[in-house]
There are 2 protein chains.
Amino acid sequence: MKESERIEMQKELIEYIGRYLEKQGYQPVAGRVLGLLMVMDKEEYTFDEIILAMKISKSSASAALKNLELRGAIEYITYTGDRKRYFRISFSDINIVIEGIERKIKAYADIMDRVISLKKNPNSKNSILLKNISGGTKFFLSQLEDFRNKNHK
Amino acid sequence: MKESERIEMQKELIEYIGRYLEKQGYQPVAGRVLGLLMVMDKEEYTFDEIILAMKISKSSASAALKNLELRGAIEYITYTGDRKRYFRISFSDINIVIEGIERKIKAYADIMDRVISLKKNPNSKNSILLKNISGGTKFFLSQLEDFRNKNHK
DNA sequence: TTATTAGTTCTGCAATTCCCGAACTGTTTT
DNA sequence: AAAACAGTTCGGGAATTGCAGAACTAATAA
């Protein structure tokens, strides 16, 4: 693969990641900026470099970067004697990824439980089904715990 | 808890579920309709009953129901000699829920791998971090497989 | 055949989201 | 003190999404 081809593919991948993240609830520009920081070989971008690379306005960049930082997707560092921020992806390790999944599943299980507790007939078809899901979900969460213990060291 | 209170709480829960699902990318009306089908004691709603309960237009109901069905969140049945559709939540069992999670994680791991394969320097900080995540993710997926085997019978 | 039922599709308005340019803030350099 | 730098905030236009009303379709009933 030629160098220029590789770079071309990186750019396509950024766009792909952007669309993927949009589906996950990121705003378009934020998704693509995160893509940029993930795929390019350059691993620290300044504000201006991001603007240049993505051809976006300062305000869009500012909003997107703030948003990504809030989500914990990126972080920035500074170098003494240099006022610029250097942005990079903040790699949560796998356990943090798992924790995120856990939180989502817990929220889901929680809703199930609330629904069940408000059912008039706890033996109705839906009640039973909901209980099964809720039970399965809790078992699954215990498995996740195991996973983290196995993995966490 | 009085009956009227319970019903009041069910309505609030529908709204809560609606907001929750909105964050998951559902459109407002669709989220609330799904909430309705989840929490109420009545477990099969016709088109008109949904319109009545949610105070929405036919077109909104039509769009929302189509959307929910496409996602696999609801289904409908018909009774012979009755032209109406009876909508209800389609309870995927826990394994289907897990499969959904798996699919999402696979898509994520896939992106990681594509990013890695396009890196110029496979030993750069980001490359290493990405490999760790990708590796951890794959281990996690194997655990999920185990879970399904343990659970699926 | 006409009317009714059970929805679907088609505008079009309203609200929301997205993003830009311009003005602004706070810090550092000249 | 003025200019430059590194962003942030504000206001508004464009695009998108969400929803309603009305017209439409296909099937059944009268």
Side-chain angles (χ1 to χ4, degrees), chain A residues 14-37 42 44-71 73-88 90, chain B residues 14-37 42 44-71 73-88 90:
Chain A
I14 291 174
E15 174 60 22
Y16 179 82
I17 291 174
R19 287 198 304 268
Y20 169 81
L21 292 175
E22 254 183 277
K23 278 180 219 138
Q24 312 295 313
Y26 287 68
Q27 49 191 131
V29 169
R32 279 147 187 90
V33 168
L34 184 52
L36 179 79
L37 297 180
K42 180 177 185 55
E44 285 177 2
Y45 276 78
T46 66
F47 192 88
D48 282 328
E49 285 166 346
I50 289 169
I51 285 173
L52 200 71
M54 304 311 290
K55 294 171 182 24
I56 55 177
S57 70
K58 290 210 286 174
S59 51
S60 296
S62 178
L65 290 169
K66 186 190 281 179
N67 183 283
L68 290 172
E69 214 194 325
L70 231 79
R71 289 176 184 265
I74 64 168
E75 59 191 18
Y76 67 82
I77 47 165
T78 54
Y79 296 100
T80 44
D82 183 347
R83 201 139 59 92
K84 290 192 202 67
R85 278 129 128 143
Y86 291 81
F87 295 92
R88 63 184 187 198
S90 72
Chain B
I14 291 174
E15 175 60 20
Y16 179 81
I17 291 175
R19 287 197 304 268
Y20 168 81
L21 291 175
E22 255 183 277
K23 280 179 217 139
Q24 313 294 313
Y26 286 68
Q27 48 191 136
V29 169
R32 279 149 187 89
V33 167
L34 184 52
L36 179 79
L37 298 179
K42 182 176 183 56
E44 284 178 4
Y45 277 79
T46 66
F47 193 88
D48 282 327
E49 286 167 345
I50 290 169
I51 285 173
L52 200 70
M54 306 309 291
K55 295 170 181 22
I56 54 177
S57 69
K58 289 211 286 177
S59 52
S60 297
S62 179
L65 291 168
K66 187 190 281 178
N67 184 283
L68 290 172
E69 214 193 326
L70 229 80
R71 289 176 183 265
I74 64 167
E75 59 191 19
Y76 67 81
I77 47 164
T78 54
Y79 295 100
T80 44
D82 183 347
R83 202 141 58 93
K84 290 194 201 67
R85 280 134 133 146
Y86 290 81
F87 295 91
R88 62 184 186 198
S90 73

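In this text, all values refer to a predicted model and were calculated from it rather than measured experimentally. The chains referred to below are lettered A, B, ... by the order of the sequence lines, with proteins before strands, and numbering in each begins at 1.
Within a heavy-atom distance below 4.0 Å of DNA chain D, the residues of residues 57-68 of chain A found are A/Lys58, A/Ser59, A/Ser62, A/Lys66.
The CG atom of A/Leu52 sits 16 Å away from the C1' atom of D/dC5 (whole-angstrom rounding). The interatomic distance linking B/Asp82 (CG) with D/dT28 (C1') rounds to 12 Å, in whole Å. Here D/dC5 presents its P atom at 15 Å from CD of A/Glu49, a figure rounded to the nearest Å. The separation between A/Lys84 atom NZ and D/dA6 atom C1' is 9 Å, rounded to whole Å. As a whole-Å value, the separation of A/Glu22 CD from D/dA15 P is 16 Å. Rounded to an integer number of Å, the gap from B/Arg19 CZ to D/dG18 P is 17 Å. At whole-Å resolution of the value, NZ in B/Lys55 and P in D/dC19 are 16 Å apart.
For the pair A/Ile77/A/Glu44, a side-chain contact is recorded, criterion being any heavy-atom separation below 4.5 Å from C-beta on.
The residue among A/Ile56 and A/Arg83 whose nearest nucleotide of DNA chain C is located toward the 5' end is A/Ile56.
For the atom pair CD1 (A/Ile50) and CG (A/Leu65), the distance works out to 4.5 Å, reported to the nearest 0.5 Å. Here the straight-line distance linking atom OG of B/Ser60 with atom CE of B/Met54 works out to 11.0 Å at 0.5 Å rounding. Separating the NZ atom in A/Lys84 from the CG atom in A/Asp48 is a distance of 7.5 Å, to the nearest 0.5 Å.
Judged purely by distance below 3.5 Å, without hydrogens or angles, the side chains of B/Ser59 and B/Ser62 never pair a donor atom with an acceptor atom. Judged by distance alone, the side chains of B/Tyr86 and B/Glu49 never bring a donor and an acceptor atom under 3.5 Å apart.
Proximity of B/Arg32 to the phosphate of D/dG18: no side-chain N or O atom is located under 4.0 Å from OP1 or OP2. B/Gln27 has a side-chain polar atom (N or O) that falls below the 4.0 Å cut-off from OP1 or OP2 of D/dC19.
From the 5' end on, the contacts that DNA chain C makes with chain A at under 4.0 Å to a non-hydrogen atom open and close at C/dC18 to C/dT28.
For A/Phe87 and A/Tyr76, the gap between ring centers is short of 6.0 Å.
Here the closest heavy-atom approach between residue A/Asn67 and residue A/Ala30 is recorded as OD1-CB, 4.4 Å.
The side chain to side chain donor-acceptor pair (under 3.5 Å) search around B/Glu75 returns B/Arg88, not counting sequence neighbours.
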